[in-house]
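Take a look at the structure below.
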Amino acid sequence: MEVRVRYAPSPTGNQHIGGVRTALFNYFFARAMNGKFILRIEDTDQTRSSEESVKDLYDTLAWLDVEWDEGPEKGGPYGPYIQSERIELYRTYAQQLVDKGKAYRCYCTSERLDALREQQIASKSKVQGYDRHCSHLSPQQIEQYEKEKRPYVIRLKVPVEGKTTFHDVLMGDITRKNKDVSPDPILLKSDGYPTYHLANVIDDHLMHITHIMRAQEWIPSGPLHILLYEAFGWEPPMYCHLPMVMGKDGQKLSKRHGSTAVKDFREKGYLPEALMNYVSMVGWSYDDKTEFFTKEQLCSLFSLEKINKAPGIFDYKKLDWYNGMYIREKSDEQLAQLLLPYMKKASFIPEEPSSEEYQRFLSLIPLVKERLKVLSDVVEMVRFLYEDIEVDDATLFVPKKQTLAQTLEAIQAAYAIMDGREDEEDETIEGLLSEKAKEMGLKVNGIFMPIRVAVTGSAVSPPLFDSIRVLGYDKALQRIEKAIMLIENEVNNG
RNA sequence: GUCUCCAUCGUCUAGUGGUUAGGACAUCGGGUUUUCAUCCCGGCAACGGGGGUUCAAUUCCCCCUGGAGAUGCCA
């Protein structure tokens, strides 16, 4: 039988790490099994669903280069794949359950339910949830309510006796006593929309889903879903509950742990292949040594057996490492293209760069490539090449174990050497500078550091002479001159 | 509170009824380097506790502990 899996997010916010991991595992599994990957949008929460969220979903999957075989925009034999377009279907099936005596209309108001819940909590009652009040309404009462056109919801009749078991590929059999299943969950809301449970079960059945791969937070509702399949008289699919992705503190990953929206990672300059690779490694592994996987490899190597059961903590540092590794694998041209948007956004490069501007930019790629963790790092790294630098504290020029006076001498000597040597080889100039340093009884750094700070504005920078060349030799000399004046001033005043 | 699930270095993980328990990130130290980074070398670091089963348990079983999730007209 053909494997059919789905990713079924609800568009109530931006795609986050956890969701994407679920999407990816489903996708990889489908590809590895030569099956179908289906996308379904579960927008049954009218108040929280939004168009932007749907757009973010599409953007995210496109960015990751994950294509669905059936779903919105693309269609398929079991559409529509957007739940808000299937409302009638859910109503019909819900009514079917009522007709079969498996479900019933409940006319309780939210006020009554709230009061009930409050009272249960206050009295520390062992009984949780709905009291099944409307399941034993008399026909007269029902008739009365209907006549009043009282709004109602449809609730599933959960058996009080017995227990329900479902099989999980990873976890094995999971059993829950029916009395512990949240009593009589709502299937159809008073606005006529289905709840997750109803729509999800109906669609998975109608779309011939074979394996439900979703996060472990759904385990508790597994038995409920089985009960629903039984009520309909349908065969439930296979289950595979994926370990959750946690934050540093072991709690469910959320905004307070840092960025969780894929969009944020994308904007900061994480590469899709790095994010995909890393995210795939939390909760799954191939062997004891392989850590780099292309999408294609994941699509062929992925297997359920290698999925871990324990939840995993999302490690931003390891993601950074992956990203740096992937950045360094790019060619200069590729990286330039990836970096360009950040350069433009910082106004370092115009929207329509001239050939010289582009060439100049291209020439600095080697200077930053092995220093970038995320693409956006480039902005601060090359700022000194595109904007005037501000150094107002003379002590910043002074290397460790060196005095201000020595530093002044050093940089003056450096200026003297560099002035007029624009056309000579960098190696030659560097040689002269280090000789000079030794002559003055300084470490080589004692002369290079002041130059570096003068030219780049920072003690940490890309390679010095490469930077000077990209900046322009003259301009570098001017900056050195300016630095000399600043240090002189400080020496005289201090 | 109740129910369910989970448990190897700080983190992600490999692994086995008998191993010096392996790798990676992080971290620490060293080397290369005019800074930073890259790169190379090395160190620290784990089977939660208690009972069983067994000649032998990190591995199998039970209990405890710890953690997580669920208990919504949200998904």
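Below, chains carry the letters A, B, ... as their sequence lines are ordered, and counting in each starts from 1.
Within 4.0 Å of A:Pro185, counting heavy atoms only, lies no atom of the nucleic acid at all. Nucleic acid contact for A:Ala310: sugar-phosphate only, since backbone atoms but no base atoms lie under 4.0 Å from a heavy atom of the residue. Using a 4.0 Å heavy-atom cutoff across all strands shown, A:Gly283 reaches sugar-phosphate atoms only and no base atom. Contacts of A:Val282 with the nucleic acid, taken as non-hydrogen atoms under 4.0 Å apart, involve only primed sugar atoms and P, OP1 or OP2. Residue-level contact check: A:Lys252 touches the backbone only, with heavy atoms under 4.0 Å from sugar-phosphate atoms and none from bases. Using a 4.0 Å heavy-atom criterion, one finds that A:Thr175 contacts the sugar-phosphate atoms exclusively.
Residue A:Glu217 places its side chain closer to B:G69 than to any other of B:A37, B:G69, B:C25. The nucleotide whose nearest atom lies closest to any side-chain atom of A:Trp218 is, among B:C73, B:A75, B:A24, B:A75. When each of B:A75, B:U35, B:C25 is scored by its nearest atom to the side-chain atoms of A:Asp315, the top-ranked nucleotide is B:C25. In the set B:C3, B:C5, B:C12, B:C5 carries the atom at the smallest distance from any side-chain atom of A:Ile219. For A:Pro463, the listed nucleotide lying nearest its side chain is B:U35; candidates were B:C3, B:U35, B:U34. Taking the side chain of A:Thr195 as heavy atoms from C-beta on, and the options B:C5, B:A37, B:A75, the nearest nucleotide is B:A75. Comparing B:C74, B:A37, B:U34 against the side chain of A:Phe465 picks out B:U34 as the nearest. Relative to the side chain of A:Met246, the nucleotides B:C74, B:G69, B:A68 differ in distance, and B:A68 lies closest. For A:Met171, taking side-chain heavy atoms from C-beta onward, the closest of the listed nucleotides B:C6, B:C74, B:C25 is B:C6. Taking only side-chain atoms of A:Trp321, from C-beta outward, the nucleotide of B:C36, B:U35, B:C25 with the closest atom is B:C25.
Taking only side-chain nitrogens and oxygens, A:Lys318 never comes nearer than 4.0 Å to OP1 or OP2 of B:U11. Side-chain nitrogen and oxygen atoms of A:Lys289 include none within less than 4.0 Å of the OP1 or OP2 phosphate oxygen of B:U13. Remark: A:Lys306 is in phosphate contact with B:G15, judged by side-chain N or O atoms under 4.0 Å from OP1 or OP2. At B:A14, one or more side-chain N or O atoms of A:Asn308 fall inside 4.0 Å of OP1 or OP2 (strictly under the cut-off). Note on A:Ser285: a side-chain N or O is less than 4.0 Å away from OP1 or OP2 of B:A14. In this structure, A:Thr44 reaches the B:A75 phosphate: one of its side-chain N or O atoms is under 4.0 Å from OP1 or OP2. OP1 or OP2 of B:C73 sits under 4.0 Å from a side-chain N or O of A:Arg117. Side-chain nitrogen and oxygen atoms of A:Arg328 include at least one within less than 4.0 Å of the OP1 or OP2 phosphate oxygen of B:C39. Close to B:C74, at under 4.0 Å from its OP1 or OP2, lies a side-chain N or O of A:Lys189.
To the nearest angstrom, C1' of B:U4 lies 13 Å from CE of A:Met244. Remark: P of B:C3 and CG of A:Asn178 are 15 Å apart, rounded to the nearest angstrom. Rounded to a whole Å, the NZ atom of A:Lys248 is 16 Å from the C1' atom of B:G67. Rounding to whole angstrom units, CE of residue A:Met418 and C1' of B:U34 are separated by 12 Å. In this structure, OH of A:Tyr239 is placed 18 Å from P of B:U4, rounded to the nearest angstrom. Here B:G69 presents its P atom at 5 Å from CD of A:Gln251, a figure rounded to the nearest Å. If you take NE2 of A:His225 and C1' of B:U4, they are 14 Å apart, rounded to a whole angstrom. As a whole-Å value, the separation of A:Lys309 NZ from B:G69 P is 19 Å.
Judged by distance alone, the side chains of A:Ser84 and A:Asp43 do bring a donor and an acceptor atom under 3.5 Å apart. Looking only at atom types and distance, the side chain of A:Tyr107 has a donor-acceptor partner in the side chain of A:Glu146 under 3.5 Å away. Side-chain atoms of A:Tyr90 and A:Asp203 include a donor-acceptor pair closer than 3.5 Å. No hydrogens or angles considered: a donor-acceptor pair under 3.5 Å links the side chains of A:Ser50 and A:Ser53.
Separation of the P atoms belonging to B:C62 and B:C5 is 12 Å when rounded to the nearest angstrom. Taking atom C1' on both B:U13 and B:C6, the two are 16 Å apart, rounded to the nearest angstrom. The same atom, C1', is picked in B:A45 and in B:U20; the two are 15 Å apart, to the nearest Å. Comparing the C1' positions of B:U34 and B:G42 gives an interatomic distance of 26 Å, to the nearest angstrom. Atom C1' of B:U16 sits at a distance of 6 Å from the matching atom of B:U59, rounded to the whole Å. Straight-line distance between the C1' atoms of B:G48 and B:U65: roughly 8 Å, to the nearest whole Å. Taking the P atoms as reference points, B:C44 lies 14 Å from B:A21, given to the whole Å.
A:Arg452 contributes a side-chain N or O that forms a donor-acceptor pair with the base of B:U34 under 3.5 Å. A donor and an acceptor atom never sit less than 3.5 Å apart when one is taken from the side chain of A:Ser461 and the other from the base of B:C36.
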Next on the checklist: Determine whether A:Arg112 and A:Asp131 satisfy the following criterion, salt bridge (charged side-chain N to carboxylate O under 4.0 Å, His left out), listing intermediate values before the conclusion.
Outcome noted: CA-CA 11 Å; A:Arg112 174 173 187 276; A:Asp131 58 3; 2.5 Å; yes
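A salt bridge is absent between A:Asp377 and A:Arg371; no separation between the charged side-chain nitrogens and carboxylate oxygens falls under 4.0 Å. Salt bridge A:Lys318/A:Asp315: absent, no basic N to carboxylate O contact under 4.0 Å. Comment: A:Lys436 engages A:Glu439 in a salt bridge, judged by a side-chain N to carboxylate O separation of less than 4.0 angstrom.
Across all strands shown, B:C47 remains unpaired; no Watson-Crick or G-U wobble contact has both distances below 3.5 Å. Both distances falling under 3.5 Å, in either a Watson-Crick or a G-U wobble arrangement, place B:U4 opposite B:A68. Of all nucleotides present, only B:G31 satisfies the Watson-Crick or G-U wobble test against B:C39, with each distance under 3.5 Å.
Comparing A:Ala8 and A:Asp173 along RNA chain B, the residue whose closest nucleotide (by nearest heavy atom) sits nearer the 5' end is A:Asp173. Looking at which nucleotide of RNA chain B each of A:Cys108 and A:Gly250 is closest to, the 5′-most match is held by A:Gly250.
Note that A:Arg150 lies outside the cation-pi zone of A:Tyr152, set by a 6.0 Å cut-off to the ring centre and a 45° limit from the axis.
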